[in-house]
Amino acid sequence: MRLTLPVLPGITAFSMAFGALAMQKGLSLGDTMLMSGLVFAGAAQMVAMEIWHEPLTLPVVVAICGVCGAINLRLVLMGAALRPWFGSSSARTVYPSLGLMTDANWVIALRYHAEGGNDRGIFLGSGLLLWVVWTAATVPAHLFGALLRDPRAIALDLVMPIFFVAMLVPMWKGLRQAMPWLVSGLVATATSQLLPGYWFILTGAIAGSFAGALMPPADPAARIGRPAGHGAGPRPGDEPGSPGDRPGNPGDQPGKGA
């Protein structure tokens with residue numbers, strides 16, 4: 001649980017921003033808590049509230065489902081990244097844990113595992129704690145949301161982007177690995193200026209994925225399984241002045257027969 005404590009303030013602020021927005025959109029406290037408890041996906045819930053308006057028509061529902069589905073496609077890759085670690089466990093123990101997967105406990109668990117830890121309970125425990133905090137924090141925000149007419153006045157509209165940028169910090173592996181992020185951000189920004197709605201989420205995700213797939217390996221020598229810098233160097237027997245470079249047979253070498 002202690003590994004999860006540093007992210008709780010950000011999760012709390014994020015959840016409170018959602019609770020206030022849900023109240024302003026007309027959702028009851030029960031509806032808001034039910035959505036937080038069952039969906040448990042901050043970015044998807046925030047975007048859903050941005051699109052939400054009464055009365056709910058079929059096109060609005062389709063738009064919410066489509067955008068939220070595109071946002072949560074990342075969970076497929078995140079789950080695949082856990083396969084080498086969780087693959088040896090039974091389905092009945094793994095799948096309930098995956099139901100609590102978020103960006104936060106995914107990063108926490110992978111960092112713990114990369115440092116040598118092997119307790120899968122870290123993933124489940126952090127997920128449960130985040131779920132409790134996320135659901136509970138919507139209550140005061142919903143109850144006092146009427147006092148906050150303009151969330152931008154206290155920068156609540158920045159909670160989501162700041163939270164995701166902070167979650168990316170532990171995944172930083174240098175400028176080269178950041179290129180897909182840069183491509184994704186540029187394409188999403190351009191799309192948001194050119195097209196209405198939330199197409200920028202889909203185009204940014206696709207552009208970033210293609211950029212990552214098309215990037216060449218960091219070390220071309222790794223393709224053939226040889227260390228870098230050893231593809232064209234001299235062999236041990238080819239150094240100048242070594243017996244292998246002298247003409248003649250072994251019997252002609254100095255010291256033989258002298």
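Below, each value reflects all heavy atoms present in this structure, side chains not excepted, and no hydrogens, waters or symmetry copies.
A distance-only check finds a donor-acceptor pair linking the side chain of Ser192 to the backbone of Thr189 [under 3.5 Å].
Counting Ile, Leu, Val, Met, Phe, Trp and Tyr side chains that sit under 4.5 Å apart, directly or through other members, Met179 shares a hydrophobic cluster with Leu182, Leu186, Met215.
Among pairs with a residue in residues 75-85, those fulfilling side chain to side chain donor-acceptor pair (under 3.5 Å) read Trp85-Asn118, at least two apart in sequence or across chains.
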Under 3.5 Å, side-chain donor or acceptor atoms of residues 30-41 against the rest of the protein: list the pairs with distances, not counting sequence neighbours.
unit_1	atom_1	unit_2	atom_2	d
Asp31	OD2	Ser28	OG	3.1
Thr32	OG1	Ser28	O	2.8
Ser36	OG	Thr32	O	3.4
Ser36	OG	Gln45	NE2	3.3

Show me the side-chain donor-acceptor pairs of residues 46-61 shorter than 3.5 Å, one per line, residues at least two apart or across chains.
unit_1	atom_1	unit_2	atom_2	d
Trp52	NE1	Glu54	OE2	3.3

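Among residues two or more places apart in sequence or in another chain, the side chain to side chain contact (heavy atoms under 4.5 Å, CB included) test is passed with Ser88 by Arg120. The side chain to side chain contact (heavy atoms under 4.5 Å, CB included) test applied to Thr93 returns Ser89, Ser90, not counting sequence neighbours. Legend: residues meeting side chain to side chain contact (heavy atoms under 4.5 Å, CB included) with Leu8, ordered by chain and number and at least two apart, are Thr4, Leu5, Leu129, Leu130, Val133. Taking the side chain to side chain donor-acceptor pair (under 3.5 Å) definition, one finds that Thr191 meets it with Thr203, sequence neighbours left out. Partners of Phe123 by ring pair (Phe, Tyr, Trp, His ring centres under 6.0 Å), not counting sequence neighbours, listed by chain and number: Phe86. Under the side chain to side chain contact (heavy atoms under 4.5 Å, CB included) criterion, Ala207 pairs with Val183, Val187, sequence neighbours left out. With sequence neighbours excluded, the residues forming a side chain to side chain donor-acceptor pair (under 3.5 Å) with Thr102 are Asn105, listed by chain and number.
No side-chain heavy atom of Met23 sits less than 4.5 Å from a side-chain heavy atom of Leu29. The side-chain heavy atoms of Phe200 and Leu195, taken from C-beta on, include no pair separated by under 4.5 Å.
Within the model, atoms OG of Ser97 and CG of Leu128 stand 8.0 Å from one another, a figure rounded to the nearest 0.5 Å.
Closest non-hydrogen pair, Ile71 versus Ile201, comes out as CG1-CG2, 3.7 Å. Considering all non-hydrogen atoms of both residues, Ser184 and Ala205 come closest at OG-N, 4.1 Å. In this structure, His113 and Gly117 approach most closely via the heavy-atom pair ND1-O, 2.9 Å. Here the closest non-hydrogen pair linking Leu27 and His142 is O-NE2, 2.7 Å. In plain terms, the two heavy atoms of Gly212 and Pro180 that are nearest each other are CA-CG, 3.7 Å. Across all non-hydrogen atoms, the minimal contact from Met101 to Leu82 is SD-CD1, 3.9 Å.
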| request: Go through the steps to decide whether Trp106 and Leu75 satisfy the test side-chain contact (heavy atoms from CB on, under 4.5 Å), and finish with yes or no. | output: CA-CA 10 Å; Trp106 181 78; Leu75 297 177; over 6 Å; no

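Between Trp134 and Phe14, the angle of the ring planes goes over 60°, which puts this pair in the perpendicular group of the 30/60° scheme.
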